[in-house]
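Each remark here refers to the structure printed beneath this line.
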Amino acid sequence: MRKTDYLIVGQGIAGTMLSWFLMQAGRKVIVIDDAKANSASRVAAGIINPVSGRRFEPAWLYDTLYPFAEATYNQLSDLLKVPVFTARRLWNIFPSQQMRDAFLTKTTGDEYTELPEVLEYEQWVDQPYGAAVVKGATVNLRALLPAYRQYLQEQDALLSEHLDLNALELTATGVTYGNIQADKIIFCDGVATTGNPFFGNIKFLPNKGEVLLLKIPGLDTGDIIKKSITLVPQGPELFWAGSSFIWDYEDDHPTEKQREILEKSLQQLLKVPYQVQEQLAAVRPSGNDRRPIVGLHPDMPALGIFNGLGTKGCSLAPFMAAHFTEVLAGNARLMPEIDVNRYFNRLRG
Ligand SMILES: Cc1cc2nc3c(=O)[nH]c(=O)nc-3n(C[C@H](O)[C@H](O)[C@H](O)COP(=O)(O)OP(=O)(O)OC[C@H]3O[C@@H](n4cnc5c(N)ncnc54)[C@H](O)[C@@H]3O)c2cc1C
């Protein structure tokens with residue numbers, strides 16, 4: 001038998017961060033991941049946006065999450081020798097005069113936003129109502145995830161395969177899976193958790209996003225350009241363009257219908273030609289209250305979950321994983337807003 005403290009299912013951004021902080025705390029982990037090509041983390045743009053909504057209100061816990069995320073990604077960047085975190089401007093184009101007025105009368109979030117002195121990108125994009133500049137960032141998931149996977153492999157802490165729930169056995173001291181004996185198993189398997197009977201109480205509201213990868217000849221910028229569609233730089237002239245929010249979907253593959261919708265938004269935004277190189281789709285693991293879903297099962301404490309990162313995996317995952325690690329070590333009490341017990345009516349006062 002191979003013994004470990006934690007068996008972690010999934011190496012998206014959730015499993016990456018949780019395994020990292022557990023190892024930093026001296027715990028033994030094995031991560032099992034089937035490398036699904038269209039998992040949320042492999043399709044996401046990795047944007048960290050400090051504000052949301054008509055009035056550009058600051059995102060939940062942003063002042064705590066952002067510096068923690070920046071420090072964690074930079075630490076991993078140094079270790080893995082890949083570029084991970086980039087502070088970027090979000091060039092946020094107002095879709096209407098009302099939205100511009102709403103921005104001008106907002107009373108919070110000023111430290112993250114400003115009106116630019118000069119309207120840039122005039123040659124490239126249609127922006128009759130102007131734009132605001134938002135101070136955001138991106139996380140290069142396409143570099144981070146494979147580099148961290150390689151690191152896990154070097155630590156002999158990776159099983160590159162699919163976990164079959166039927167082969168999982170609960171024992172008096174934890175769980176066994178094949179030849180692995182673990183004190184706890186933590187599900188960081190994104191939207192796959194919706195089919196996990198141990199956590200059937202959780203009210204998930206998964207939603208699908210579709211994306212185009214584009215070439216825009218001549219456009220070379222480090223800024224994110226955002227209107228009804230968001231362009232995220234991927235290299236000279238290359239952009240991630242998305243994404244849609246679809247609540248009612250048949251499967252997690254790209255569709256012709258969403259391609260048409262995305263292209264319509266692109267044509268409304270861009271004054272120049274573009275070439276579509278690829279279309280991607282994935283499902284976001286969101287809970288009904290849009291808060292992370294974290295903790296141990298109230299009746300089966302060998303089972304845990306780290307999920308529900310929704311649209312904000314890149315900003316939430318580092319801090320929440322570090323917090324969960326402290327909770328598992330008995331050094332902190334889980335924040336009630338993220339506690340999985342809320343779905344079992346077991347929140348303590
Ligand atoms: C189109 C789109 C755009 C997005 N843009 C952004 C953005 O700009 N910024 C942002 O912060 N967030 C964004 N998100 C949201 C973000 O992607 C998610 O919050 C985050 O990726 C969720 O990570 P996760 O690790 O929980 O799940 P996932 O990324 O889904 O990872 C789950 C992992 O578990 C593995 N797995 C599942 N079941 C098993 C099993 N039985 N055995 C073994 N392995 C298994 C999968 O292969 C996968 O690697 C976007 C999402 C989408 C879909």
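Only a predicted model underlies this, so the values are computations on that prediction, with no experimental measurement involved. Counting starts at 1 for both ligands and their atoms, following the listed order.
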Which residue is it: Leu296, Leu7, Val175? I am looking for the one with a side chain to side chain contact (heavy atoms under 4.5 Å, CB included) to Lys184. Leu296

Is the count of non-hydrogen atoms from other residues, nucleotides or ligands lying under 6.0 Å from Glu169 atom CD greater than 12? no

Measure the distance from atom 16 (C) of ligand 1 to every protein heavy atom, then report the residue, atom name and distance (to 0.1 Å) of the closest one. Gly310 O, 3.8 Å

Below 4.0 Å from any atom of ligand 1, is there a heavy atom belonging to Arg42? yes

Close approach, Phe187 and ligand 1, non-hydrogen under 4.0 angstrom: no

Distance alone, cut at 3.5 Å: any donor-acceptor contact between the side chains of Arg2 and Asn179? no

Minimum side-chain heavy-atom gap Tyr274-Glu263 below 4.5 Å: yes

Kindly state each residue pair satisfying salt bridge (Lys or Arg N to Asp or Glu O under 4.0 Å) with at least one member in residues 26-40, sequence neighbours excluded. Asp5-Arg27, Asp33-Arg42, Asp33-Arg149, Lys36-Asp252

Is it true that, when you exclude Lys264 itself, more than 12 heavy atoms of the residues, nucleotides or ligands shown sit nearer than 6.0 Å to its NZ? no

When the ring centroid of Phe187 is compared with that of Phe198, is the distance short of 6.0 Å? no

If we only consider heavy atoms of Ala35, is any one of them less than 4.0 Å away from an atom in ligand 1? yes

List every atom of ligand 1 that sits less than 4.0 Å from any heavy atom of Leu309, numbering the atoms from 1 in the order shown and giving each element. 19 (O)

Which of the numbered atoms in ligand 1 are below 4.0 angstrom from a heavy atom of Ala282? 53 (C)

Numbering the atoms of ligand 1 from 1, which are under 4.0 Å from a heavy atom of Gly10? 33 (C), 34 (O), 35 (C)

Going by heavy-atom distance to atom 29 (O) of ligand 1, choose the closest among Gly12, Ser41, Gly195. Ser41

Counting only heavy atoms, tell me which of Thr16, Val31, Asp189 gets closest to atom 32 (C) of ligand 1. Asp189

His162: numbered ligand 1 atoms lying under 4.0 Å from its heavy atoms: 40 (C), 41 (N), 42 (N), 43 (C)

Which atoms of ligand 1 have any heavy atom of Trp240 under 4.0 Å away? 3 (C)

Does at least one non-hydrogen atom of Asp33 fall below 4.0 angstrom from an atom of ligand 1? yes

Candidates Gly15, Pro285, Gly313; heavy atom nearest atom 22 (C) of ligand 1 found on Pro285

Glu161: numbered ligand 1 atoms lying under 4.0 Å from its heavy atoms: 43 (C)

Hey, looking at atom 46 (C) of ligand 1, which of Val9, Asp34, Asn38 has the closest heavy atom? Asp34

Distance alone, cut at 3.5 Å: any donor-acceptor contact between the side chains of Gln11 and Thr16? yes

Take a 6.0 Å sphere around NZ of Lys226 and say whether it holds more than 12 heavy atoms from other residues, nucleotides or ligands. no

Quick test of your reading of the structure: of Leu18, Thr138, Ile8, Leu163, whose heavy atom lies closest to atom 41 (N) of ligand 1? Leu163

Considering only heavy atoms of Ala44, which atoms of ligand 1 have at least one such atom less than 4.0 Å away? 3 (C), 4 (C), 5 (N), 6 (C), 13 (C), 14 (N), 17 (O), 50 (C)

Mark up the atoms of ligand 1 that fall under 4.0 Å of a heavy atom belonging to Ile32, in ascending order. 43 (C), 44 (N)

Pair Phe68 + Phe21: ring centers closer than 6.0 Å: yes

Would you check if His323 and Leu334 make a side-chain contact, meaning some heavy-atom pair closer than 4.5 Å? yes

